[in-house]
Amino acid sequence: MNVLGIETSCDETAASVVQDGRVVLSDVVASQILVHAQYGGVVPEVASRQHVATIVPVVRRALDEAKLTWSQLDGIAVTCGPGLVGALLVGVETAKALGQALGKPMVGVNHLAGHLAAVYLEDPSLPEPPPTPHLALLVSGGHTELIRVDGNGVYRVVGATRDDAAGEAFDKVGKMLGLGYPGGVQIDRLSTQGDPNAYALPRALAGRDDIDFSFSGLKTAVSTLLQARRAVAGDAALAPPEGAELANMAASVQAAIVDVLVRKSRRALVREGLKDLVVCGGVAANRGLRRGLAAAAAEDGFRLFIPPPKRCTDNAAMIAAAGTRALERGARAPLDLAVDPGLPL
Ligand code: KG4
Ligand code: ZN
């Protein structure tokens with residue numbers, strides 16, 4: 001079964017063809033990061049216009065690279081939420097038009113279910129897919145959730161952030177430190193040169209018995225740190241941190257976020273009686289998080305399944321994988337499929 005996946009929920013225009021929900025025949029991602037970076041974050045209207053301009057060439061390339069003709073497709077899967085409403089509309093209307101013109105079944109995919117399905121795509125680093133039930137840590141720009149996965153499409157959120165998502169925390173603090181967008185990638189890069197213990201930053205809710213998160217206090221802590229630094233220098237116009245000082249701040253921020261994510265994942269695995277942890281979403285590309293979880297897995301004896309970095313950040317292969325699973329369950333989207341910017345898992 002060859003399924004075309006289409007993803008336009010935020011700032012990546014992506015299309016991919018996946019065979020049998022597992023073999024990636026093509027994986028095209030046109031990133032808009034350079035366009036949005038000049039504004040310091042994603043501008044929704046600009047994102048929509050970029051999607052309109054790139055969607056058709058991106059879909060064509062996905063077909064070409066898969067070496068397939070339109071008639072060899074068996075279905076179309078498209079992200080219908082959550083995300084930016086105008087951006088989602090571009091993908092959904094494209095999928096509807098293709099589905100109608102080709103006479104192929106179409107299915108709407110929840111972007112979060114897409115992230116959760118990235119782990120089923122074939123990759124040398126993932127010799128086998130995770131069994132169910134398993135626990136998933138979904139960490140992206142908009143979401144931070146611990147999810148119990150009991151089967152194909154059967155999910156239960158067992159822990160979540162009370163305020164900012166982990167990716168949002170990375171990006172907002174990155175902005176405060178004068179780093180480019182997206183801050184998560186820059187903080188990951190700088191962290192390799194810094195001391196994670198240089199600054200004592202809060203680990204919110206860490207001591208509590210629950211498996212929820214809170215990252216908004218980190219912004220306040222970093223802001224206080226920067227203010228204190230200005231007070232010491234006695235100069236309101238002091239330049240932003242750089243060199244070793246910047247690297248130490250980045251490493252300390254990353255350590256604070258990673259610490260909590262690792263700690264709560266461990267606790268959730270015990271509480272749910274599970275032995276397999278899937279990690280997905282853009283922040284799962286973070287090297288500090290991957291290292292921290294690998295160490296915890298070795299110590300606690302759980303198995304870790306993390307897709308390669310390019311399948312953690314937004315892509316359409318994961319949407320095709322989730323779509324294939326939905327088509328297998330018999331799901332079909334009507335022609336009036338709506339987008340839902342706040343679609344829950
Ligand atoms: O899953 P994703 O591509 O889009 C959403 O669904 O939100 O996640 C994007 C988020 C951004 O906040 C970005 O800063 C973060 O993932 N991210 C990272 C890294 N790569 C992407 N955060 C930390 N370290 C990284 N290497
Ligand atoms: Zn995403």
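Side chains are part of it too, since the values below use all heavy atoms of this structure and drop only hydrogens, waters and symmetry mates. Numbers for residues simply follow the sequence, beginning at 1. Counting starts at 1 for both ligands and their atoms, following the listed order.
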**Asked** Side chains of T161 and T144: do they bring a donor and an acceptor to under 3.5 Å?
**Response** no

**Fill in**
Minimal heavy-atom distance between L137 and S265, with the atoms involved, is CD2-OG, 3.6 Å

**Request:** Sequence neighbours left out, what passes side-chain hydrogen bond (donor to acceptor under 3.5 Å, both in side chains) with S252? Give chain and number order.
**Result:** none

**Under 3.5 Å side-chain donor-acceptor pair for S191 and Q254** = yes

**Item:** the Zn ion (ligand 2) - number of protein N/O/S atoms closer than 2.8 Å
**Value:** 3

**Asked** When you check the gap from the basic side-chain N to the acidic O, do E272 and R156 get nearer than 4.0 Å?
**Response** yes

**Request:** Using a strict 4.0 Å threshold on nitrogen-to-oxygen distance, state whether D210 and K264 make a salt bridge.
**Result:** yes

**Asked** Among all residues two or more places apart in sequence or in another chain, which pass the side-chain hydrogen bond (donor to acceptor under 3.5 Å, both in side chains) test with S9?
**Response** E7, H111

**Message:** Under a plain distance cut-off of 3.5 Å, with no hydrogens placed, do T13 and H51 share a side-chain donor-acceptor pair?
**Reply:** yes

**Message:** Which protein residues come within less than 4.0 angstrom of ligand 1, counting heavy atoms only?
**Reply:** H111, H115, S140, G141, G142, G167, F170, D171, P182, G184, V185, D188, G281, G282, V283, A285, N286, C312, T313, D314

**Message:** Quiz question: by atom type and distance under 3.5 Å, do the side chains of Q227 and R230 form a donor-acceptor pair?
**Reply:** no

